[in-house]
Protein chains: 2
Amino acid sequence: MKKTRFSSPKYFKLSKKQNANEILEDYVEAIEEISKDKKDVKNIDLSKYFGVSKATINKNIKRLIKAKLVTSEKYKSIHLTSNGKTLALDSNVRHEIVFKFLRKIGVPKKIAEEDSEGMEHHISSYTLKIMKSLI
Amino acid sequence: MKKTRFSSPKYFKLSKKQNANEILEDYVEAIEEISKDKKDVKNIDLSKYFGVSKATINKNIKRLIKAKLVTSEKYKSIHLTSNGKTLALDSNVRHEIVFKFLRKIGVPKKIAEEDSEGMEHHISSYTLKIMKSLI
DNA sequence: CATAAAAGTTAGCCTAGGCTAATATATTTA
DNA sequence: TAAATATATTAGCCTAGGCTAACTTTTATG
Ligand SMILES: [Mn+2]
Ligand SMILES: [Mn+2]
Ligand SMILES: [Mn+2]
Ligand SMILES: [Mn+2]
């Protein structure tokens, strides 16, 4: 197939950066989601949610603390900071729009859930606005 | 925004796996592209193409060799294996469809180039088929 | 309330994917 | 062709994000 687009180191670097943001966005979204049902959000909840070991969650939560997205003391519940809360809500809106857009163009539910989980981190606000208008 | 989708550890793991495939797909696509203009594809070409150091390219090419996507001897040109060639062509087709679909729904060229660089690795063949039919 | 079970933490291991600096080989050019 | 320049490789460093195993703390239960 003929290539109709240009590539640039900037595009590759952007995509890598979005991949790095993925874990932050997915974690705050998960924390927000879990806290709707439970008073406390613990390590073990996230471990089940993501299907990774509690040691991994422990390490990743430290990164979120460093990124000022959550607060947590040893053995205590995890709480979103206001930055974290904002990122959680924005990420959820983005994820919902991508998911609904895929459904709209005819993608089955399961596949739309799969695809949107990754795609959501690579959609500009410009494209998102268009998708929203087409839902 | 109300959540209308379900999440699952499987979806998160899939997205991470797609992120890991990203480097392989982008590299074989780049090698194929560069070899259209030049007889030999060297380390330095990829270094410029991706904007990363030649040491990084050297290390990553070793991974592609391990994955049977390319062959290369010390100080010589890089060549795609038949697996590598197939992956390169498939990846390019996928990338083109995503790019053209974005253009079709009204995304400006630069933004479509940015978005498609990441999105292309997170699109199922089902969704791809729909996008193709809508171009 | 003592103990068992569950959950959290830490240490140490791994691979991926970046980097710089030093060294080795190829290529160009005076 | 000898020297200078360009390119390739290697070593060693870093962070992210996984894991298991051992240990600590909290929570539940007999
Ligand atoms: Mn999400
Ligand atoms: Mn996601
Ligand atoms: Mn591509
Ligand atoms: Mn790409």
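Quick note on labels: first sequence line is chain A, next is B, and so on, each numbered from 1.
- The residues E32(B) and K36(B) are annotated as not salt-bridged, no charged nitrogen and carboxylate oxygen being separated by less than 4.0 angstrom.
- For dG18(C), the base has a donor-acceptor partner in the side chain of K59(B) [N/O atoms by modelled type, under 3.5 angstrom].
- Taking side-chain N and O atoms only, N60(A) has a distance below 4.0 Å to OP1 or OP2 of dG18(D).
- Rounded to an integer number of Å, the gap from K76(A) NZ to dT9(C) P is 11 Å.
- Mapped onto DNA chain C by nearest heavy atom, D45(A) and K13(A) fall at different nucleotides, with D45(A) at the one closer to the 5' end.
- Counting atom types as modelled, K54(B) pairs a side-chain N or O with a base atom of dA8(D) as donor and acceptor under 3.5 Å.
- Among the nucleotides dA8(D), dG18(C), dT20(D), the one closest to any side-chain atom of S53(A) is dT20(D).
- Summarising the geometry, the separation between CD on E22(B) and P on dT15(C) is reported as 22 Å, rounded to the nearest angstrom.
- The nearest whole Å value for the distance from the CD1 atom in I34(B) to the P atom in dT7(D) is 13 Å.
- Here the options are E117(A), E25(A), E22(A), the test is salt bridge (Lys or Arg N to Asp or Glu O under 4.0 Å), and the partner is R94(A); only E25(A) passes.
- Taking 4.0 Å as the cut-off between side-chain N and carboxylate O, R5(B) and E120(A) do not count as a salt-bridged pair.
- For F6(A) and Y11(A), the ring centers sit 6.0 Å or farther from each other.
- Ranking dC19(C), dT9(C), dA8(D) by closeness to the A55(B) side chain, first place goes to dC19(C).
- N58(A) places its CG atom 8 Å from the C1' atom of dT10(C), with the value rounded to the nearest Å.
- Atom CG of L46(A) and atom C1' of dA6(C) are 16 Å apart (whole Å).
- Among the heavy atoms of the strands lying under 4.0 Å from K62(B) are primed sugar atoms or P, OP1, OP2 only; no base atom is included.
- For K3(B), the NZ atom is densely surrounded, since the number of other residues' heavy atoms within 6.0 Å is greater than 12.
- Closest approach to the R63(A) side chain among dA16(D), dA8(D), dG18(C) is made by dA16(D) (side chain taken as heavy atoms from C-beta onward).
- Separating the NZ atom of K66(B) from the P atom of dT15(C) is a distance of 7 Å, rounded to the nearest angstrom.
- When rounded to the nearest whole Å, the span between NZ of K17(A) and C1' of dG18(C) equals 15 Å.
- At whole-Å resolution of the value, NZ in K16(B) and P in dG17(C) are 13 Å apart.
- Phosphate proximity of dT25(D) to K74(A): absent, as no side-chain N or O sits under 4.0 Å from OP1 or OP2.
- Side-chain N/O atoms of T56(A) include none lying less than 4.0 angstrom from OP1 or OP2 on dG17(D).
- Across all strands shown, I23(B) has heavy atoms under 4.0 Å from sugar-phosphate atoms exclusively, and none from any base.
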